[in-house]
Novice: 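Here it is, the structure, as structure tokens.
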Amino acid sequence: MPFFVCPGEGVVRPLEGLSAIAQLSVDELVREASECERLGISAVLLFGIPEEKDEEGSGAYDDDGIVQRALRALREHCPRLLLLTDVCLCEYTSHGHCGIIRDGEVDNDESLELIARTAVSHVEAGADAVCPSDMMDGRVGAVRSALDDAGLTHTPIVAYSAKYASAFYGPFREAAESAPSFGDRRGYQMDPANVREALREIALDVSEGADVVMVKPALPYLDVIRAARERFDLPIAAYNVSGEYAMVKASAARGWLDERQAALESLTAIKRAGADLVVTYWTKELATWL
Ligand SMILES: [Zn+2]
């Protein structure tokens, strides 16, 4: 179950494009995550909305940053929940890109160091696994060696290995306040027309030490999930992204389709394609439906 954690106290800020999902302050997150734990949900994935953004995305690797504070609170109150964190800079940079900008372009190598630092900071605050989502070249290896150097050799990496430059991320960018202020992410996300590139990216992440590989989005890329399932032995995760969820929610709100049936059919298709783990905004509802 993905969560968006924001500063403040008693904050529940509903998201227009992601019906039934809200930005939550740490105290509200603890309440909601405790309910998830009671419902039998085993894992949450945290995204942070910092107080302030800057050029270097410093809120991402601040040991007192929003995700780090959320992790400490969840670790204390929800001992059985597996805590995963999104590791990227785009929610924390003033320009909304996933890395550091130099001369108008994302500087891959300089960004790696900050991404690795973010991962270590999350694990030290209580994360069970880290999910680098930036798609910079070499980031899984950079995160692995930073974790190892910090003595965190047992912490697994869930790599967003095949992340396509997709129109279906729209509502998420409202939720994470991470829309790029200029350009797009095509320089580091993948071309939707290309499946073999996804397999190459996954193979690279596996060789760099990924423990789980992720395909994102899910429904428009079921063939990619299937191809990855056939080629690799690692667990495959799939992210049923905000746009996939919002389409069904919006149609259901108009009475055009049955949400529960459409959601179950979508999630079943993702499993059928070969996903072992599914990240979905329906997780909480699913736990009550099943
Ligand atoms: Zn990003």
Side-chain angles (χ1 to χ4, degrees), residues 2-6 15 17-18 23 45-50 52-62 65-68 84-102 104-122 127 129-143 146 157-192 198 201 205 210 213-218 221 237-243 279:
F3 281 114
F4 301 95
V5 58
C6 67
L15 296 160
L18 269 177
Q23 292 178 347
L45 172 60
L46 301 181
F47 295 88
I49 293 107
E52 283 176 21
K53 301 181 185 230
D54 58 33
E55 290 277 302
E56 317 278 303
S58 61
Y61 39 89
D62 179 352
I66 185 69
V67 166
Q68 288 84 346
L84 284 75
T85 60
D86 182 78
V87 173
C88 197
L89 302 183
C90 56
E91 296 133 59
Y92 305 90
T93 51
S94 44
H95 44 72
H97 278 281
C98 302
I100 299 301
I101 305 289
R102 296 286 177 242
E105 303 240 8
V106 174
D107 185 314
N108 191 92
D109 294 353
E110 210 178 327
S111 305
L112 288 185
E113 193 193 318
L114 300 180
I115 285 159
R117 206 200 294 180
T118 303
V120 171
S121 175
H122 285 180
V130 289
C131 312
S133 65
D134 51 278
M135 292 300 282
M136 302 290 147
D137 292 332
R139 85 261 193 248
V140 173
V143 167
I157 297 175
V158 179
Y160 287 69
S161 302
K163 185 177 180 183
Y164 284 91
S166 172
F168 290 93
Y169 303 143
F172 174 90
R173 289 181 182 165
E174 176 209 354
E177 299 177 7
S178 65
S181 61
F182 67 91
D184 56 36
R185 299 198 174 104
R186 286 170 198 277
Y188 41 97
Q189 294 183 355
M190 292 178 4
D191 171 9
E201 293 280 355
D205 284 357
V213 291
M214 190 192 289
V215 176
K216 180 181 179 178
Y221 298 90
Y239 202 132
N240 176 225
V241 303
S242 58
V279 181

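Numbering of ligands and ligand atoms starts at 1, following listing order. Keep in mind the model is a prediction, meaning the values are calculated, not measured.
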Novice: Can Arg102 and Glu56 be counted as an ion pair, charged N to O under 4.0 angstrom?
Specialist: yes

Novice: Anything protein N, O or S sitting under 2.8 Å from the Zn ion (ligand 1): count it and give me the total.
Specialist: 3

Novice: We want to know whether Tyr160 and Asp86 form a side-chain donor-acceptor pair, criterion being a heavy-atom distance below 3.5 angstrom.
Specialist: yes

Novice: For Glu91, does its backbone N or O pair with a side-chain atom of Glu177 as donor and acceptor, under 3.5 Å?
Specialist: no

Novice: Applying side chain to side chain donor-acceptor pair (under 3.5 Å), name anything that partners Asn240, two or more places apart in sequence or on another chain.
Specialist: Glu244, Thr280

Novice: Can you find a side-chain donor-acceptor pair between Asp62 and Ser58 that sits under 3.5 Å?
Specialist: no

Novice: Would you confirm whether Gln68, through its side chain, and Ala60, through its main-chain N or O, come within 3.5 Å as a donor-acceptor pair?
Specialist: yes

